[in-house]
Every structure is written in structure tokens, then in C-alpha cells.
Q: 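Take a look at the following structure, please.
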Amino acid sequence: MRWTLKPNPPEETVKHLAKALNVEDFVATLLVQRGITTFEEARAFFRPSLDNLHDPFLMKDMDKAVSRIETAIKNGENILVFGDYDVDGTTAVSLVSSYLKTYYPNVATYIPDRYDEGYGVSFKGIDFADDNEFTLIIALDCGIKSIDHVNYAKAKNIDFIICDHHRPGNSLPDAVAILDPKRDDCTYPYDELCGCGIGFKLIQALGSNREQSISDLITYLDLVAAAIAADIVPMTGENRVLAYFGLQVINSDPRPGIKAIIHQIKKQTLDITDVVFIIAPRINAAGRIKHGNHAVELLTEFDFEQAQQFASEIEAYNVERKDLDKLITKEALKQIENNGEKERFTSVVFQEDWHKGVIGIVASRLIETYYRPTLVFTKSGDKYAASARSVKGFDVYNALESCAEHLEQFGGHMYAAGMTLLPEKYQEFKEAFEKEVKNTIHPDLLTPEIAVDAEINFTDITPKLIRILKQFEPFGPQNMTPIFLTQNIKDTGYGKTMGQEDDHLKLFVKQSRSLGTEGLAAIGFNLGNKIELTAHQKPFQAVYCIDENEWNGKVSLQLRLRDIKAQN
């Protein structure tokens, strides 16, 4: 594990901000690292406000999208709300369809089948629209590259409104309106919204025609927060405001479907991490194991008893997903070992009966053991299909592009991609991919990195600091939980391992320079093998997050250890 201390921002900027906010220099450093340099920016960061959301009509084509929807309503047309089968897609479809249905009945939803139709807009979906006399399709979280599909629909007199957040290709589909802040010709002030976030901007614009203010739409923000968390978009700007207020809805008055999920897990207050690891996987499990329609049914159901029924079905899918992912990960690790591939620069594995819905999760799991670009293949029809995952700093999409001659098709981005190839091409692709990564990856990138925000002493951990750090939430990309480094730590003799396989570490620690102070509880998940470093009160150094532990209704401070090393 590499520890990298983030470079110090300009001292003058830090001092100025520390004085303006009346905080310690290292707290000001944390803010400057997040791009916050003035009192006004800090106020916007610490006090998120719905007033800071941008006018939705600043987005290119928003006026056209609203106009076409209003025309459809006026003419009594059937509207089909179409979206991808993951969390971002299903929440976006649930949001836009349930909003439209509050004042217009002729609205239906369509989620493509992961296995039969694949990702994005499908010809089968357009045929469904044609057969059922839909004349307008609103595509969410997909469609920006669906040029042929939109032309096919147009020939059947079906219009498209595309709401996407992926990067466009060289040309755009011939749709009535394309809402995508990543368009080169779109000057919308924030371009990191997820698909559901763009769906929210659309209903914000539609609402303005009905004299609805933002406060009338707050009820939809539980869906937006779930999508922002699951899609791992930057936790900055509008995303942070939407997630902040969406979490409040989740914790106070969520829609019955989300309430039913929370009801099963028996947790009082959820933070953004809980949304990522508790709510999102359950919404996702429907599309992975059965069909994304089940997620939309859950998220648009208004009867709580019925929602509980849907939630328990989805819980069963999630349990099945977890069992599959454990089993396949075990089989994949065994395959790497049996093939003598432990020392390679890549992990590329294949088994024809692996479940296509979990191979992406398995790829991420394999990276926990072998930290390197990873591809997991399974059989899909008469081809092999794979999910790719990468390590921090390495562009797996570029590596696949270099091996494109062996592939039927591929798509994705820097850290995650999907592809298909013909079975006879598998072995030569595997070798070409290994060679490409070997030649282009920097050796440092094959060791996991912990980026450390600041070095502090335990005496710096005060109630005031805890209060300030809580206001940094919600955390996410570009606003990650601060990680601190402290030197010369000693365990007070209570150190032990925990868990079924003794893989977790539980300590009670003091810093030698402040041994007079009360010790701090510390927990290190998957650090049980490092207990020897802490034995006999040997000094060590640690990188950690400052956490609150809730147990039997009591809240106490603890350090969540990320790694420990012997003191130099």
C-alpha cells in the first residue's frame, strides 16, 4: 500500500481562509484541496441551499424538451419513459414517470432487458412503442450515441427526447431535444449531473410552467440522491446540493419503496455510504438477477404494504446476487492460480456459466486480491461478453481501444468498460491485452494508493473538528472523507483481531506525545494480519478517517484505520 501525502496548497491562501473562517490551518488546507478558497465558497459548501441550483432552462434544448412534452399532453399522446437497468436509469425513469403521472395519465415506462436487449436504447423498445401507439419517447441515462435507433423511431413517427450525461460521439442523434451538459455546444454551468439529475432538471423546467417551486419537488430528491451515490459522480456543485437534501428526504419522509428497503435493514439514520452500500445494491439487484422493471415498480409504488412485498422480492434477488458474486469470485481466483497467472499485469478470466449480471462486481472483487486491470468473461449467446474494471490512474478504455482488432464491440470509460468478442478470438485478445497493459502501465499503479489529506496529532482531534468534518458531508468523488496520518502511535494493550477469520483489527490507541490524554478506539477492517506491528506497545504510524460508531444507541468517536506501518 502506497501512502501519498497530498501537496500543500499555497500557504497564503490557507492562512487567509483559516482566519476568515476561524479554523485551524489544516482544516483550511482540507477546504482548499477541495477547491474552496473564499469565505463565500466555504459558506456555500457548509450551508448547501436549493437556491444555489441553476435555472434548468440554461441547459441546451431544455425549452424544446418542455415544449414537445406540453404538446404531447395537449394532444393526448402516449409518452414512454425509457431508461437503463442500473440505479441511475431506474431512478430516473421512476422520477420522470411518477412526476408526469401527477397530472397526465398516458405515461408508461420501459426498461430494456439486460440479457436480451443489452445497454441503452433498443430496437425492441422502439418496436414496443410503435405497437402500443407511443409517439414520444423520453430516454434517460442513455441515448446520446443512439443515432440509428433514433432514425429507426423517426421512420415510425416516434419522437425522442434524450436526457443523458455520457460523452457524445462526433455527431448527435436526430432527436427533438438532447439534454446533455457534456455536449460541446451546451453552456450549462455544471456538467457532472447523473442521468437522474438531468431527469430532475427536466421536471424542474416542467414544474416552472405549473408555477411549482423547488420546494414542491423536494419529494423526488430521495431518488436523485440514490442515483448520485450509486453512479459515483463528483460530489460537487449541484450534485452535492441535491444529495444533501435527498439524504434529508431519505431520513425523514422517503417514498414507500425506499422506506420499505430501509425498513428491512433496521438502521435509524442513513448517510451517503449507506445509500451506496445498502440502498443502491438492492435497486441494482433487480436488473442484475431478474429485470430492471422490478426496481421501477418498487420506486413508483405508493402503497407501503405493496412496496414491502416488492422490497422483499428484491431482497431475495440481492441475496442471490451476493451468493453468486462470492461463488464466482472464488472460482475466478482459483482459475488465476491454476493457470499460473498470479504474477501477470492483468487478470483475464472466463467461464461460460458465470452469471452476466454479476461479472462487473466480480471484476472489482478480483482487484482486491490482484491489484491490476481486470476482465471477467462469460458466454452470452454465441459470443463471449466481459466487464472490465481498472485501477486508479490507468485508462482501461484506451487499452481496449489498442486491442480493438480482436473485439466485436466495446464501450465504457477510464475505469469501467464492457465488451464482446468471438470465442476463437479470446486467447489472442487475452495475450494482446496483457502485452498492452505491461507496456503502458506505470509500475506504481500496480500498488494501491492511499491519498492522505493531512498529517495531524491526536490532540488536534477536538469536538470542534468533529463538528466541522460532519459538515463536509455528503462525501463522494472530489469530496472524499478526509484521511489523516499520525506518527508514533501505541496500542494500550487491548489490541485484538475480530471477525470470523480474525481479519479485522481492534485497537485502543494513544500517541506517545500525548500519552496523558485519553486513548482512542480504532478499527481496521481487513487489517487483522498487521496486529504484530502493534504488539508490545511498539510505536507505529497509521492513516485513518475519523468516524463515529453507533452501538446500542450510543455514539462514540473511533478511528477507522485504512493502513498501518511500523514507525520509521
Q: Is K259 paired with D253 through a side-chain N to carboxylate O contact shorter than 4.0 Å?
A: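 Looking at D253 and K259, the cut-off is not met.
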
Q: I'd like to know if the side chain of Y85 pairs up with that of T90 as donor and acceptor (distance under 3.5 Å, no hydrogens or angles considered).
A: no

Q: Where does the angle between the aromatic ring planes of F525 and H504 fall among parallel (under 30°), tilted (30 to 60°) and perpendicular (over 60°)?
A: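 F525 vs H504 ring planes: perpendicular.
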
Q: If you look at every heavy atom in I483 and C545, which pair is closest and at what distance?
A: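 The answer is CG1-SG, 4.0 Å.
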
Q: The criterion is side-chain hydrogen bond (donor to acceptor under 3.5 Å, both in side chains); which residues satisfy it with N526, sequence neighbours excluded?
A: none

Q: Only pairs at least two apart or in different chains count here, so list each side-chain hydrogen bond (donor to acceptor under 3.5 Å, both in side chains) that has a residue in residues 464-475.
A: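 For residues 464-475: R47-Q471, K470-E548.
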
Q: Can a donor-acceptor pair be found between the side chains of Q204 and S208 at a distance below 3.5 Å?
A: no

Q: Can you find a heavy atom in the side chain of I178 that is under 4.5 Å from one in the side chain of P173?
A: yes

Q: Going by distance alone, is a donor N or O of one side chain under 3.5 Å from an acceptor N or O of the other, for H165 and D141?
A: yes

Q: Side chains of F475 and P482: closer than 4.5 Å at any heavy-atom pair?
A: yes

Q: Go through the structure and list residues passing side-chain hydrogen bond (donor to acceptor under 3.5 Å, both in side chains) with N52, not counting sequence neighbours.
A: none

Q: Evaluate the side-chain contact (heavy atoms from CB on, under 4.5 Å) criterion for residues I546 and Q558: first the C-alpha distance (whole Å), next the side-chain angles of each, then the deciding distance (0.1 Å), finally the verdict.
A: CA-CA 6 Å; I546 298 170; Q558 73 173 5; over 6 Å; no

Q: Side-chain contact test, heavy atoms from C-beta onward, threshold under 4.5 Å: evaluate it for L30 versus I36 and give yes or no.
A: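 No, too far: nothing below the 4.5 Å cut-off.
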
Q: Is there a side-chain contact between R167 and D180 in this structure, where contact means two heavy atoms from C-beta onward sitting under 4.5 Å apart?
A: no

Q: Just so I know, are the side chains of V452 and F484 near enough to count as touching, which here means a heavy-atom distance under 4.5 Å?
A: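 V452 vs F484: side chains apart.
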
Q: Under a 4.5 Å cut-off applied to non-hydrogen side-chain atoms, are S390 and D395 in contact?
A: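 With C-beta onward as the side chain, the pair stays apart.
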
Q: Quick one, T486 and I456 - any side-chain contact, counting heavy atoms below 4.5 Å?
A: yes

Q: Suppose we screen for side-chain hydrogen bond (donor to acceptor under 3.5 Å, both in side chains). Which residues come up paired with R240, at least two apart in sequence or across chains?
A: none

Q: For the aromatic rings, using the six-membered ring if either is Trp, is the centroid distance between Y415 and F394 under 6.0 Å?
A: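 No, the ring centres sit 6.0 Å or more apart.
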
Q: Counting C-beta onward and ignoring hydrogens, is there a side-chain heavy-atom pair between L95 and T91 closer than 4.5 Å?
A: no

Q: R255 and T219: side-chain donor and acceptor closer than 3.5 Å?
A: no

Q: Using 0.5 Å steps for rounding, measure from the CD atom of E434 to the CZ atom of R344.
A: 4.0 Å

Q: Any side-chain donor paired with an acceptor under 3.5 Å for Q537 and D491?
A: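 No, because no side-chain N or O of Q537 sits under 3.5 Å from a partner of the opposite role on D491.
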
Q: By side-chain hydrogen bond (donor to acceptor under 3.5 Å, both in side chains), which residues pair with H166, not counting sequence neighbours?
A: D164

Q: Quick one: CG on N284 to CD1 on I361, what's the gap to the nearest 0.5 Å?
A: 7.0 Å

Q: Give me each pair satisfying side-chain hydrogen bond (donor to acceptor under 3.5 Å, both in side chains) with a member in residues 183-193, each pair once, sequence neighbours excluded.
A: D61-R183, R183-D185, Y188-K201, Y188-E238, Y190-T236, Y190-N239

Q: Just checking, is any N or O donor in the side chain of Q212 or Y99 under 3.5 Å from an acceptor N or O on the other one?
A: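 A pair is found: one side chain offers a donor N or O, the other an acceptor, under 3.5 Å apart.
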
